[in-house]
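In what follows, a structure is listed as structure tokens, so that the remarks can point back to it.
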Amino acid sequence: CHRLHTVVGHENVSSVGACAFLQTALTAFYWPRNAFAIPTGAFHGCSSLTSLAGIEHVTSIGVFSFALSGIVSIPWPAGVESIPRYTFFGCRALTRVVGLDQVLHVGGSSFGSCTSLRRLTFGQVRAIESNAFQYCTEMATLSGLEHVVIVGSFAFAYTGLAGRFHWPEGAPEVPAFAFYGSDKLTAIDGLERVTRIYHEAFRELPSLRAFRWPARVRKVESGVFHSCLSLTSIEGLEDVDFIADYAFTRTGFSSFRWPPMVENVPRAVLSSSPNLRQVTNLGHVQSIGAFAFFNLSQARAIIGPSPVEG
């Protein structure tokens, strides 16, 4: 039915099956008033579908319902508290989703690759699954995240989030690759209650300039700040007792004071940092890993028990 572009006489339909309009040529659709569930994949791949109306009464929406469709704007039904996985995945024309105030759960990849979406406002959301907003490259603002307690990996990766991002205070963990590649972020705060930051959480944030490490997090995991080339200042590392490989590779530090409780300098930890001139406070260090200070073109001193000039 790839050429199907119009459906009529369905006003009294009470049930619609999975993938009912999969990859059809529909351009607009009015959902039947007696059907309360939009099933899995209902409009998946309907690239010409730009308008969907009459869904205010719907109480259930399945995964992939609108994925890869041409929908531009849509009101989210007040009775649906969860946005399922891949709901709007690949909807590159989508610019507006309203009525998200009662949503409690955002499923994995639900808005993935919505490259025209600029802003979303929630109200009560508690959980954001992995890849939820990944590749929303124009998404500059996400608001109403105050009640979030769980965030999945890659949730905000490669987004257009700009300026300062305030981490939800009720979310105790920053997941792996949380903000990976979001190149307009300049600061992340609200991390005071965080107890763990996973590997590569802030990798490739080229506009991130300064950071305050949370006091409750004692381990800096692998690649956390890898390729944060504008990062020149990080505070709060005094109580850290472990730093993993590649934690600060390709950062913007000009000087780095090694934390007093970390006895091992791991592999490639500060390598290829183009502005790094000196590393101090290494007197207590017991081992230095391979490539730890590799390719530091501006390095002048690595200061341990006695300065090692280079």
By side chain to side chain contact (heavy atoms under 4.5 Å, CB included), which residues pair with Ser143, not counting sequence neighbours?
Arg119, Thr121

Sorted by chain and residue number, the side chain to side chain contact (heavy atoms under 4.5 Å, CB included) partners of Leu104 (sequence neighbours excluded) come out as Glu81, Gln124, Arg126

Any side-chain heavy-atom pair of Phe177 and Glu204 under 4.5 Å:
no

Connected via hydrophobic side-chain network under 4.5 Å: Ile243 and Leu191:
yes

OH (Tyr86) with more than 12 external heavy atoms under 6.0 Å
no

Any chance you could lay out the side-chain contact (heavy atoms from CB on, under 4.5 Å) test for Tyr246 and Arg203, step after step, and finish with the verdict?
CA-CA 10 Å; Tyr246 305 99; Arg203 181 166 179 159; over 6 Å; no

Any sub-3.5 Å donor-acceptor pair from Ser47's side-chain atoms to Gly70's backbone N or O?
no

Does any N or O in the side chain of Asn281 come within less than 3.5 Å of the main-chain N or O of Arg257, such that one atom is a donor and the other an acceptor?
no

Anything under 30° is parallel, anything over 60° is perpendicular, the rest tilted; go ahead and classify Phe179 against Phe165.
perpendicular

By side chain to side chain contact (heavy atoms under 4.5 Å, CB included), Ser271 pairs with (sequence neighbours left out) Thr249, Ala268, Phe294

Note, Arg118 side chain near Thr95 side chain (heavy atom, < 4.5 Å)
no

Could you list the donor-acceptor pairs under 3.5 angstrom formed between side-chain atoms of residues 208-218 and any protein atom two or more places apart in sequence or on another chain?
unit_1, atom_1, unit_2, atom_2, d
Arg212, NH1, Glu235, OE1, 3.2
Trp213, NE1, Val217, O, 2.9

State, yes or no, whether a side-chain contact exists between Trp258 and His284 at a heavy-atom distance under 4.5 Å.
yes

Would you check if Ile83 and Val97 make a side-chain contact, meaning some heavy-atom pair closer than 4.5 Å?
no

Assess the side chains of Ser82 and His105: does a donor N or O sit below 3.5 Å from an acceptor N or O?
yes

Any luck finding a side-chain donor-acceptor pair between Ser130 and Ser153 under 3.5 Å?
yes

For the pair Thr195 (side chain) and Pro172 (backbone), establish whether a donor and an acceptor sit closer than 3.5 Å, ignoring hydrogens and angles.
yes

For a 4.5 angstrom cut-off between non-hydrogen side-chain atoms, does Phe133 reach Leu120?
yes

Considering only residues two or more places apart or on different chains, which pairs with a residue in residues 48-69 satisfy side-chain hydrogen bond (donor to acceptor under 3.5 Å, both in side chains)?
none

Taking side chain to side chain contact (heavy atoms under 4.5 Å, CB included) as the definition, give me every residue that meets it alongside Arg196, ordered by chain and number, with sequence neighbours left out.
Glu173, Tyr198, Glu221

Do Ile128 and Phe156 come close enough that some side-chain heavy atom pair is under 4.5 Å?
yes

Tell me whether Phe66 is reachable from Val98 by hopping between hydrophobic residues (I, L, V, M, F, W, Y) whose side-chain heavy atoms are closer than 4.5 Å.
no

Would you please test Arg277 and Ser254 for side-chain hydrogen bond (donor to acceptor under 3.5 Å, both in side chains) and show each step?
CA-CA 5 Å; Arg277 298 178 63 83; Ser254 60; over 6 Å; no

Can you confirm whether Phe36 is buried at CZ, in the sense that more than 12 heavy atoms of other residues, nucleotides or ligands lie under 6.0 Å from that atom?
yes

Pair His44 and Phe21, ring centroids less than 6.0 Å apart
no

Side-chain (His10) to main-chain (Tyr30) donor-acceptor, under 3.5 angstrom:
yes

How are the rings of Phe225 and Phe248 set relative to one another: parallel (under 30°), tilted (30 to 60°) or perpendicular (over 60°)?
parallel

Pairing donors with acceptors under 3.5 angstrom, does anything connect the side chains of Thr159 and Ser182?
yes

Is there a side-chain contact between Phe154 and Tyr180, using heavy atoms and a 4.5 Å cut-off?
yes

With a 4.5 Å limit on heavy-atom distance, are the side chains of Gln286 and Asn264 in contact?
yes

Is a donor on one side and an acceptor on the other found under 3.5 Å between the side chain of Glu129 and the backbone of Gly108?
yes

